[in-house]
Amino acid sequence: MIRRLALAAALIAAGSPAFAGGPGAGGALYDRYCANCHGFDGFPNLPGTPDFTRGESLAKTDPELIHAIRFGVLSMPGFDQTIDKEGLIDVVFYIRTLQR
Ligand code: HEC
């Protein structure tokens with residue numbers, strides 16, 4: 001939680017557009033590849049999809065989440081061929097800002 005607050009504060013201080021769901025690196029990737037199922041604001045469109053507005057969906061570590069995004073989980077496709085390593089880090093950074 002403290003980490004998330006620090007993250008949010010850093011994003012606000014930097015005036016990052018990602019925080020506002022704008023064209024920041026992670027936000028742009030998310031809007032393009034993830035929002036169809038996970039929702040633009042992190043509230044899922046597809047049944048059975050984790051709700052990123054709730055912290056417990058993202059209780060795993062960054063490496064665990066990155067692994068899931070790279071290789072997919074059950075009905076979720078993997079993005080290993082689509083998003084590079086830096087992009088995966090950016091997108092995890094971004095989804096952690098969606099919690100309300
Ligand atoms: C086709 C729909 C779909 C798309 C597109 C999609 N997801 Fe998912 N995602 C899911 C579903 C469904 C689950 C739940 C899988 C399960 O555990 O049954 C999931 C799970 C997750 C999880 C939780 C994994 C875990 O181990 O708990 C993360 C993180 C995630 N998605 C991130 C992303 C990101 C980031 C993108 C875009 C790069 C993305 N997803 C694109 C449907 C999708």
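By convention here, the first residue in the shown sequence is residue 1. Side-chain atoms are counted along with the backbone in the values below, which use heavy atoms only and exclude waters and symmetry mates. Both counts, for ligands and for their atoms, begin at 1 and track the order of listing.
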K.L.:
Does K60, backbone or side chain, put an N or O under 3.5 Å from an N or O of ligand 1?
P.N.:
yes
K.L.:
Kindly give the heavy-atom pair with the smallest separation between A35 and D31, and that separation in Å.
P.N.:
CB-O, 3.7 Å
K.L.:
For Q81, I'd like to know if atom CD has over 12 heavy atoms of other residues, nucleotides or ligands within 6.0 Å.
P.N.:
no
K.L.:
Just need the protein heavy atom nearest to atom 5 (C) of ligand 1, so name the residue and atom and give the distance.
P.N.:
Y33 O, 3.3 Å
K.L.:
Where on V73 is there a heavy atom closer than 4.0 Å to ligand 1, on the side chain, on the backbone, on both, or on neither?
P.N.:
both
K.L.:
Kindly identify the option in G87, G26, G48, C37 whose heavy atom sits closest to atom 43 (C) of ligand 1.
P.N.:
C37
K.L.:
What protein heavy atom sits nearest atom 16 (C) of ligand 1, and how far away is it?
P.N.:
L74 CD1, 3.9 Å
K.L.:
Check the surroundings of atom CZ in F71: do more than 12 heavy atoms from other residues, nucleotides or ligands lie under 6.0 Å from it?
P.N.:
yes
K.L.:
For atom 22 (C) of ligand 1, which of A35, P50, P44 has the closest heavy atom?
P.N.:
P50
K.L.:
With a heavy-atom distance limit of 4.0 Å, tell me whether L29 approaches ligand 1 through its side chain, its backbone, both, or neither.
P.N.:
neither
K.L.:
So which bit of F52 gets within less than 4.0 Å of ligand 1, heavy atoms only: side chain, backbone, both or neither?
P.N.:
side chain
K.L.:
In terms of atom number and element, which parts of ligand 1 are under 4.0 angstrom from non-hydrogen atoms of I83?
P.N.:
38 (C)
K.L.:
What atoms in ligand 1 come closer than 4.0 Å to a heavy atom of L65?
P.N.:
29 (C)
K.L.:
For ligand 1, is there an atom lying under 4.0 Å from some heavy atom of N36?
P.N.:
no
K.L.:
Measure from the side-chain N and O atoms of Y33 to the backbone N and O of T82, and report whether any donor-acceptor pair falls under 3.5 Å.
P.N.:
no
K.L.:
Check F40 against L98 and note the closest heavy-atom contact, atom names and distance.
P.N.:
O-CD2, 4.3 Å
K.L.:
Are the side chains of I95 and H38 in touch, meaning some heavy atoms are under 4.5 Å apart?
P.N.:
no
K.L.:
Check L65 against R96 and note the closest heavy-atom contact, atom names and distance.
P.N.:
CD1-NH2, 3.3 Å
K.L.:
Given 3.5 Å as the limit, does a donor-acceptor pair link the side chain of N45 with the main chain of N36, or not?
P.N.:
yes
K.L.:
Students should be able to answer this: which protein heavy-atom is nearest to atom 37 (C) of ligand 1, and at what distance?
P.N.:
C34 SG, 1.8 Å
K.L.:
For the metal site, I want the angle between atom NE2 of H38 and atom SD of M76 with atom 8 (Fe) of ligand 1 at the apex, to 10°.
P.N.:
180°
K.L.:
Please say which of D90, V92, V91 ends up in a side-chain contact (heavy atoms from CB on, under 4.5 Å) with Y30.
P.N.:
V91
K.L.:
Donor-acceptor pair, S57 side chain versus P50 backbone, under 3.5 Å?
P.N.:
no
K.L.:
Please list the nearest protein heavy atom to atom 12 (C) of ligand 1 with its residue and the distance rounded to 0.1 Å.
P.N.:
S75 OG, 3.3 Å
K.L.:
Please work out, at 4.0 Å between heavy atoms, whether the side chain, the backbone, both, or neither of A68 comes within that distance of ligand 1.
P.N.:
side chain
